[in-house]
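Notes for the one structure printed next.
In each ligand, atom 1 is the first atom listed, and ligand 1 is the first ligand listed. These numbers come from the heavy atoms of this one structure, side chains and all, not from hydrogens, waters or symmetry mates. Numbers here are sequence positions counted from 1.
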Amino acid sequence: MLTTNKKLLQWVDDMAAMTQPDKVVWIDGSEQQLDALRAEACQTGEITKLNDEELPGCYYHRTNPNDVARVEHRTFICCSDKQDAGPTNNWMAPQEAYAMATDIFTGAMKGRTMYVIPYSMGAVASPFAKAGIELTDSIYVVLNMNIMTRIGASVLDKLGDSDDWVRGLHGKCEMDEEKRYILHFPEDNTIWSCNSGYGGNVLLGKKCFALRIASYQGLRENWMAEHMLLMGIENPKGEIHYVAAAFPSMCGKTNLAMMIPPESYRRKGYKVWCVGDDIAWIRPGADGRLWAVNPEAGFFGVAPGTGKKSNPNALETVQKDTIFTNVALKDDGTVWWEGLNDSPPEHALDWKGRPWTPACTEKGAHPNARFTAPARNCPCISPRWEDPQGVPLSAIIFGGRRAKTAPLVYQARDWQHGVFVGSIMASETTAAASGAVGVVRRDPMAMLPFCGYHLGDYLNHWLQMGKLVSNPPEIFHVNWFRLNDDGKFIWPGYGENFRVLEWIIRRCRGEVGAETTPIGYTAKPEDIDLEGLDYHIAPGKPFGPADLKEILSVEKAYWRDDAAGIREFFGKLGDRLPAEIADELDKLDENVK
Ligand code: GTP
Ligand code: SPV
Ligand code: MN
């Protein structure tokens, strides 16, 4: 036993009495214990050791083919009043949810081991860190939690007898899709997850705690839990500006967070520092600014599309101590996925374990295949990524996949307008969640699937947070995904996005002008530096100033359509839509008439 915390010990006993495991094992965080678990999981086939010369300390895992993404339609917020979950969350009454899940969990760990994982979201010593305990019957989960969070005895030492910890229960059960539930009880600091083994459903520190439960905690405690990357942008003088950016799943957070600036900028001394790639906890500081920490310790990143050209730093990060899930397995014990390089293996096993060759019509890796890698592996990890106080924010950036409507970049007029800009985010859906791909859906602040309470109250919380700080960050919106008539991306994206980030920082510093448009301030085309850009949309068609002008344009007709869609969406929020946000929509309507 690693603790004398009575409530904690009682809860572990209660959960064990229900799930009836053969054994209960406390995870102390030692390499010795983790090594034994790795060996055991290799023996049962749950994971496979990869080529130790090419990929030291790396492992391979396949999920059940029916279990490859978050299941939003089976994810519930279980608060006592249905109204408080809001119209965008699934809701179940707490007693009903506990009763239903108790049926599923009763005896579900018979013949299995229950692991008790004490973990911290945030560096253990940080005043902003919060503790969780996850109970699970999956070694894969233990090994992933070891990468994604800080686990073990030190967490319990810091917790002491406190009752401020999140109770998480995960069971693989039968992997029955019909009994798969991701249940959140914000009023009890509790999460129950059953019949899944996929990351976002079972690594309970991540979306379940650090966003859904934490967003509710933040509402009551005056802070914010957001689906945001964190990065530092260093200029030639050595000054570093930190920005947070919210994009929906699979819309480029990991790529932006660890990008390498174009050669022309590197020569001048610009650098990018990665602080986090998915989640930010944000608090008002004594200096009147907003300060942010990355509560995670690793990256659970999308593998497909990660290559030497698109994201060399991510590729470097996954060369050791990484777990690969649902990618293709090569005969030499290394891994491959679409977009890794232009030389697919002549023979491999696909993510379902079937023989695969480049002639196969199906993909070798699942589109939502992922790597789990320690943040410390990242070549551009910020020296301040574990700073207990976090980093001060100069800018907040929102963005999504919009084929036409949103320009490459625009800036909000002020905090209230910026909250509106975040609230009207929309994006085409991706493979990160089960369901149709490519459908436009409204996704305020990229939090639609992650907000643990009513979205109207959430928008109001954003407005209130702006009032708590005298020097709030500037707010921007970007869109790397404008398409031409052939359906090709017009903007080169990836490292070239730095050209836009530099404009954003210059705006924060008041060093550059802008174009006033109906939706906010866009960049004047001549203010986005294209030096050294070598990108061809099609053969013989290099990206030039005319293309830039096109993707910076604001078409009133598209925005009129969008405003109508926004009004319909806001209608769902009823009288909990803040009046300030309704006013901003009226202003938009007026501006695009
Ligand atoms: P989650 O981990 O699901 O939250 O995703 P994410 O937001 O971290 O997205 P990620 O950086 O993994 O990128 C997802 C996909 O978008 C990958 O296929 C990338 O190749 C692609 N992508 C990322 N950045 C860009 C960009 O600037 N332009 C284009 N065209 N594609 C991009
Ligand atoms: C996302 O879907 O936004 C992810 C992956 O970051 S998951 O952990 O599955 O949520
Ligand atoms: Mn994410």
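- Close contacts between ligand 2 and A432 involve ligand atoms 2 (O) [criterion: under 4.0 Å to a heavy atom].
- The contact set between ligand 2 and K206, taken as ligand atoms under 4.0 Å from a residue heavy atom, comprises 6 (O), 8 (O).
- R370 counts as a contact of ligand 2, since one of its heavy atoms falls under 4.0 Å from the ligand.
- Numbered from 1 in the order shown, with element, the atoms of ligand 1 that lie under 4.0 Å from a heavy atom of T254 read 6 (P), 8 (O), 11 (O).
- Residue-level proximity to ligand 1 for S310 is absent, since no heavy atom of it falls below 4.0 angstrom.
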Worked verdict on R402 versus E555 for salt bridge (charged side-chain N to carboxylate O under 4.0 Å, His left out): CA-CA 13 Å; R402 294 308 298 272; E555 294 286 340; over 6 Å; no
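- Heavy-atom contacts from other residues, nucleotides or ligands closer than 6.0 Å to CD of E263 number more than 12.
- With a heavy-atom cut-off of 4.0 Å, T430 does not touch ligand 1 at all.
- Using a 4.0 Å cut-off between heavy atoms, Y494 contacts ligand 1 through both its backbone and its side chain.
- Between A432 and ligand 1, a contact under 3.5 Å exists for no N or O pair.
- At a heavy-atom distance under 4.0 Å, only side-chain atoms of R401, from C-beta outward, approach ligand 1.
- Ligand-side atoms of ligand 1 in range of F489: 30 (N), range being under 4.0 angstrom from any heavy atom.
- By the 4.5 Å heavy-atom criterion applied to side chains, T522 and V554 are counted as neighbours.
- Evaluated by nearest non-hydrogen atom to atom 9 (O) of ligand 1, the leading choice among G199, G252, G339, A431 is G252.
- Set against the non-hydrogen atoms of S249, the atoms of ligand 2 under 4.0 Å away are 1 (C), 2 (O), 3 (O).
- Ligand-side atoms of ligand 2 in range of Y198: 5 (C), 7 (S), 9 (O), range being under 4.0 angstrom from any heavy atom.
- Contact atoms of ligand 1 toward P304: 18 (O) (distance under 4.0 Å to a heavy atom of the residue).
- At a 4.0 Å heavy-atom cut-off, ligand 1 does not touch E338 at all.
- Under 4.0 Å from ligand 1, the heavy atoms of D278 that appear belong solely to its side chain.
- Close N/O approach between R70 and ligand 2 is found [any backbone or side-chain N/O within under 3.5 Å].
- When NZ of K207 and NE2 of H227 are joined through the Mn ion (ligand 3), the resulting angle is 90° to the nearest 10°.
- The shortest N or O to N or O distance between K253 and ligand 1 is under 3.5 Å.
- When each atom of ligand 1 is checked for a heavy atom of W480 under 4.0 Å away, the hits are 27 (O).
- For ligand 1, the atoms lying closer than 4.0 Å to a non-hydrogen atom of P248 are 7 (O).
- Only the side chain of F481 comes within 4.0 Å of ligand 1, judged by heavy-atom distances.
- Here is the list of ligand 1 atoms found below 4.0 Å of a heavy atom in R370: 1 (P), 2 (O), 3 (O).
- When side chains are defined from C-beta on, R212 counts as touching T75, because their heavy atoms get closer than 4.5 Å.
- Atoms of ligand 2 found under 4.0 Å from any heavy atom of D278, numbered from 1 in the order shown, are 6 (O).
- Taking 4.0 Å as the cut-off, M250 does not count as a neighbour of ligand 2 on heavy-atom distance.
- Using a 4.0 Å cut-off to heavy atoms of H227, the atoms of ligand 2 that qualify are 3 (O).
- When heavy-atom distances to ligand 1 are checked against a 4.0 Å cut-off, C251 comes that close only through its backbone atoms N, CA, C and O.
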